[in-house]
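The next block holds one structure in the form of structure tokens; read it before the comments.
Sequential numbering from 1 along the given sequence is applied to the chain's residues. Start at 1 and go down the list; that is how both ligands and their atoms are numbered.
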Amino acid sequence: MSLSIIACIGKNNELGKNNDLVFHFKEDMKFFRETTRGHAVIMGRNTWRSIGSKPLPGRKNYVLTHQESELFTGAIAINNLKEFIKKNEDSEEEIFVIGGAKVYEQFLPFAKNLYLTEVDKTAEATVFFPKFKKENYRKQVIRSVEENQTNFKIIKYSKKGK
Ligand SMILES: NC(=O)c1ccc[n+]([C@@H]2O[C@H](COP(=O)([O-])OP(=O)(O)OC[C@H]3O[C@@H](n4cnc5c(N)ncnc54)[C@H](OP(=O)(O)O)[C@@H]3O)[C@@H](O)[C@H]2O)c1
């Protein structure tokens, strides 16, 4: 299994506010769709709720939760993160971690790649992307975009030595 994180963050690592996104950019959404389509995605229960409690189409959806699996129609509930990682260690599947903050924090040590849309703007937020050591990653700018008078870069960080 290869784990990749994908997120859109502000200048101060802003991720979301009141269980919604703080940034909405067409080009970022397009990149998200293109990158995750055909793969598995894993998200926390709050993010699942924020996307309307239904699965993202064309992807295998996993939801991290302490609740009953029957509540997540169209998705697979995961109650135990360590067991999940151990069970899938040898699979060929590429899994994208799509948030939110609590889930990014827990997966960061295991993720090989981070796809971060870095927005050149601050915003009011209630949740933030965890701090990570950029010097431990190779950095590749995938796209530089200007949309609605805001600049952002889509960057791939790949863990060195992997
Ligand atoms: N900017 C972006 O790219 C982006 C992407 C995604 C989300 N977001 C934003 O992030 C915010 C949501 O983030 P969040 O941190 O509040 O919530 P979250 O990470 O989406 O979900 C947290 C929930 O997931 C479950 N969970 C987490 N770790 C678990 C574990 N190890 N075992 C079992 N269950 C576990 C728990 O649910 P239970 O209560 O069921 O136990 C927990 O309350 C929203 O504002 C959303 O819009 C932003």
Could you list the atoms of ligand 1 found under 4.0 angstrom from a heavy atom of [X]?
{"X": "Gln67", "value": "40 (O)"}
{"X": "Gly44", "value": "18 (P), 20 (O), 21 (O), 24 (O)"}
{"X": "Val103", "value": "19 (O)"}
{"X": "Ala101", "value": "13 (O), 14 (P), 15 (O), 19 (O)"}
{"X": "Lys17", "value": "45 (O)"}
{"X": "Asn79", "value": "32 (N), 33 (C)"}

Fill in the blank from the handout: Paired with Glu118, the salt bridge (charged side-chain N to carboxylate O under 4.0 Å, His left out) test is passed by just one of Lys134, Lys11, Lys156, namely Lys134

Do any heavy atoms of [X] fall under 4.0 Å from ligand 1?
{"X": "Arg49", "value": "no"}
{"X": "Gln106", "value": "yes"}
{"X": "Tyr104", "value": "yes"}

Exercise for the section: Classify the angle between the aromatic ring planes of Phe107 and Phe110 as parallel (below 30°), tilted (30 to 60°) or perpendicular (above 60°). Expected result: perpendicular

Exercise for the section: For the pair Tyr137 and Phe132, name the ring-plane relationship: parallel under 30°, tilted 30 to 60°, perpendicular over 60°. Expected result: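 Ring orientation, 0 to 90° scale: perpendicular.
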
Note the single closest protein heavy atom to [atom], along with its residue, its atom name and the distance in Å.
{"atom": "atom 8 (N) of ligand 1", "value": "Leu21 CD2, 3.9 Å"}
{"atom": "atom 7 (C) of ligand 1", "value": "Thr47 OG1, 3.3 Å"}
{"atom": "atom 41 (O) of ligand 1", "value": "His66 ND1, 2.5 Å"}
{"atom": "atom 44 (C) of ligand 1", "value": "Asn19 OD1, 3.4 Å"}
{"atom": "atom 26 (N) of ligand 1", "value": "Leu64 O, 3.7 Å"}
{"atom": "atom 16 (O) of ligand 1", "value": "Asn46 ND2, 3.0 Å"}

Quick check: closest heavy atoms across [X] and [Y], and the distance to 0.1 Å?
{"X": "Val141", "Y": "Ser144", "value": "CG1-OG, 3.8 Å"}
{"X": "Cys8", "Y": "Leu15", "value": "O-CD2, 3.8 Å"}
{"X": "Ala40", "Y": "Glu93", "value": "CB-OE2, 3.6 Å"}
{"X": "Glu124", "Y": "Val22", "value": "O-CG1, 3.2 Å"}

Indicate yes or no: does an N/O atom of [X] lie under 3.5 Å from an N/O atom of ligand 1?
{"X": "Gly100", "result": "yes"}
{"X": "Cys8", "result": "yes"}
{"X": "Ile98", "result": "no"}
{"X": "Arg45", "result": "yes"}

Problem - For ligand 1, the portion of Ile6 having any non-hydrogen atom under 4.0 Å away - result: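 Within the 4.0 Å criterion, Ile6 makes no contact with ligand 1.
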
Problem - Structural part of Asp20 in contact with ligand 1, heavy atom criterion under 4.0 angstrom - result: backbone

Handout entry: Same cluster (ILVMFWY, side-chain, under 4.5 Å), Phe25 and Val145
Key = yes

Exercise for the section: Dump the intermediate steps for side chain to side chain contact (heavy atoms under 4.5 Å, CB included) on Lys30 and Arg33, then the final yes or no. Expected result: CA-CA 5 Å; Lys30 186 166 163 255; Arg33 277 196 308 275; 4.1 Å; yes

Exercise for the section: Kindly compute the distance separating CZ (Phe31) from CD1 (Ile142), expressed to the nearest 0.5 Å. Expected result: 4.0 Å

Handout entry: Pair Ser158-Gln140, side-chain donor/acceptor within less than 3.5 Å
Key =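 No, no side-chain donor-acceptor pair sits under 3.5 Å.
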
Problem - Validation row: Ile51, Met43 side chains within 4.5 angstrom (heavy atoms) - result: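 Yes; the side chains approach each other to less than 4.5 Å.
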
Handout entry: Partner residues of Phe84 under the ring pair (Phe, Tyr, Trp, His ring centres under 6.0 Å) criterion, sequence neighbours left out
Key =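 Testing Phe84 for ring pair (Phe, Tyr, Trp, His ring centres under 6.0 Å), a comparison that skips the adjacent residues, returns Tyr62.
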
